[in-house]
Amino acid sequence: MNTSAMNLTGTASWLALVAQGESMRSRTLRELFAEDGERGQRLTCEAVGLYLDYSKNRITSETLRLLIGLADECGLRERIAAMFSGERINITENRAVLHVALRAPRGSSIRVDGKNVVPHVHAVLDRMTGFACRVRGGQWVGHTGQRIRNVVNIGIGGSDLGPVMAYEALRHYSDRGLVFRFISNVDGTDFAEATHDLDPAETVVIVSSKTFTTQETMTNAQTARRWLLAAFGGDERAVAKHFVAVSTNATKVAEFGIDTANMFEFWDWVGGRYSMDSAIGLSTMLAIGPDHFRELLAGFHEMDEHFRSAPFDRNLPVLLALLTVWNTNFLGAETVAVLPYDQYLKRFPAYLQQLTMESNGKRVTLAGRDVDYATSPIYWGEPGTNGQHSFYQLIHQGTRLIPCDFIAFVESLNPLGPHHAMLLANVLAQAEALAFGKTADEVRAEGTAEWLVPHRTFPGNRPSNVLMAQRLSPAVLGKLVALYEHAVFVEGILWNVDSFDQWGVELGKVLAQRILGELQSKAAPAPAHDSSTNELIRRCRQGK
Ligand code: F6P
């Protein structure tokens with residue numbers, strides 16, 4: 001088991017993988033495919049309606065065997081069981097990590113400190129359903145009796161990225177009679193632009209914050225309160241009709257002035273970046289309706305069950321994670337590009353950035369020792385085909401190794417003439433071009449002038465995964481998100497880090513608080529910082 005005492009880089013599997021990495025550096029995907037005519041069928045995995053083709057990675061069956069050996073040496077099977085059984089695996093915050101309970105079917109049992117939490121999850125889901133039905137059905141009306149037509153979610157990080165991503169991803173399934181806006185940034189522009197054309201009398205504001213203390217969210221919530229009350233001549237009674245809260249912190253919700261009857265609860269065993277399927281998904285439920293929301297949860301759950309039970313060599317999250325570890329730690333990749341070929345998934349890369357990097361962007365082990373290996377790669381991406389006309393140049397011909405996760409759907413939700421065939425042709429072509437490139441001889445054979453040959457040559461050997469599903473649906477989105485959630489978990493186990501805390505965001509928050517006081521103070525601040533920060537503060541104050 002990968003206990004705090006374990007030295008990852010000294011394990012037999014790690015050492016064998018280092019040697020394997022050395023030998024694979026000189027192998028090409030062209031050779032590997034030429035040696036095995038079945039590779040494109042063999043190095044694939046299909047489960048719960050998702051198909052993963054990982055054959056275009058620079059691996060052999062031996063690589064995979066060694067990676068699985070590493071997972072075994074790290075005690076992955078036991079760690080999965082520990083998470084599902086509610087152990088406090090988030091050790092720095094002394095919390096259980098049970099987002100899987102959020103999608104557990106009614107009647108099942110998952111215990112935290114001896115108590116089954118599943119009935120609580122479903123009680124909140126039922127309350128969310130009641131609220132969503134009343135808003136969508138027009139029975140929940142505003143202070144002046146007007147029907148609610150606008151939903152504004154105020155939140156940041158996990159209380160924003162999941163809801164925005166899901167709203168965009170499932171727009172096809174959404175009630176087009178409702179307008180959805182998401183406000184996250186403390187920059188007043190975000191609030192101003194999101195609300196400038198909304199009528200407060202027709203707007204419900206969801207204040208989403210696990211802690212209900214986050215500076216950005218509380219500032220935006222106060223601004224929303226003023227915006228709303230201004231429309232009702234300051235009548236405080238309007239708050240009850242126009243504000244609801246999603247939080248773990250009932251005391252702070254009440255202090256803000258929102259009746260806790262209008263609060264949808266979740267729990268400290270749900271991490272912010274793992275919360276889009278908790279009450280934080282209230283805006284999602286309002287958009288797509290309770291039935292579709294439950295389909296989303298069922299999709300999550302299907303992936304949970306697959307993750308928990310499938311052997312590692314047929315386990316989608318485990319394979320995805322092992323490939324990331326391989327590319328990062330043994331081939332030296334520093335990033336992963338996530339490239340959804342579906343416009344609805346345009347915010348999926350941004351969502352994954354928090355999930356992956358806030359989870360595994362860590363530099364010490366569970367025991368607090370410095371790691372001597374790389375942890376989370378940098379995640380980024382844009383939907384295809386747009387990225388092809390922007391940064392793909394660097395992926396094809398630049399000096400860096402950038403593994404790509406392509407995501408595609410066999411069927412389009414908007415089948416318009418030739419569009420979808422073109423979209424699919426492009427994603428398949430990109431994976432092919434990255435893997436196999438174009439040699440100098442092939443370029444020459446096209447009659448290219450010799451001086452241009454190096455410019456037109458593609459080295460290839462760039463790894464990628466292709467993830468496919470039949471069509472984008474709420475259930476498929478749930479599966480996709482759970483796939484990455486669990487892959488992040490597996491990576492964290494191998495890297496022996498706490499994937500569920502985020503201490504790295506704290507220092508900036510504290511310093512910002514101090515600088516805010518200095519910017520707002522009447523007196524010139526004493527130069528309490530370094531000369532650079534002092535000068536920048538001075539310049540900001542001059543403009544006041
Ligand atoms: O940025 C740190 C963080 O705590 C995230 O982990 C979290 O998702 C976000 O802030 C928002 O927190 P809250 O939901 O408590 O407002």
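Every number for a ligand or one of its atoms is a count from 1 in the order of the listing.
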Q) Quick one: does D370's side chain get under 4.5 Å of R363's, heavy atoms only? A) yes
Pairs of nitrogen or oxygen atoms closer than 3.5 Å, one from [X] and one from ligand 1: do any exist?
X: S159; value: yes
X: E358; value: yes
X: S209; value: yes

Q) Which residue holds the protein heavy atom closest to atom 15 (O) of ligand 1, what is that atom called, and what is the gap in Å? A) T211 OG1, 2.6 Å
Q) Between V505 and ligand 1, which part of the residue brings a heavy atom under 4.0 Å of the ligand: side chain, backbone, both or neither? A) side chain
Q: Select one of side chain, backbone, both or neither to describe which atoms of Q502 lie under 4.0 Å from any atom of ligand 1, heavy atoms only.
A: side chain
Q.
Any atom of ligand 1 sitting under 4.0 Å from a heavy atom of E216?
A. no
Q.
Tell me if the aromatic rings of Y351 and Y484 count as close, with their centers under 6.0 Å from one another.
A. no
Q) Is R103 paired with D304 through a side-chain N to carboxylate O contact shorter than 4.0 Å? A) yes
Q) When you look at V204 and V152, which way does the side-chain contact (heavy atoms from CB on, under 4.5 Å) test go after all the steps? A) CA-CA 6 Å; V204 72; V152 175; over 6 Å; no
By number and element, which atoms of ligand 1 are closer than 4.0 Å to a non-hydrogen atom of [X]?
X: I156; answer: 9 (C), 11 (C)
X: T214; answer: 12 (O), 13 (P), 15 (O), 16 (O)
X: G158; answer: 7 (C), 8 (O)
X: Q354; answer: 5 (C), 6 (O), 7 (C), 8 (O)

Q | Partner residues of E506 under the side chain to side chain donor-acceptor pair (under 3.5 Å) criterion, sequence neighbours left out | A | none
Q.
If you compare all heavy atoms of L494 against all heavy atoms of L8, which two are closest, and at what distance to 0.1 Å?
A. O-CD2, 3.1 Å
Q: May I ask whether atom 10 (O) of ligand 1 is less than 4.0 Å from at least one protein heavy atom?
A: no
Q.
Give me each pair satisfying side-chain hydrogen bond (donor to acceptor under 3.5 Å, both in side chains) with a member in residues 111-127, each pair once, sequence neighbours excluded.
A. R88-D113, R106-D126, D126-R294
Q: Classify the angle between the aromatic ring planes of H99 and Y274 as parallel (below 30°), tilted (30 to 60°) or perpendicular (above 60°).
A: parallel
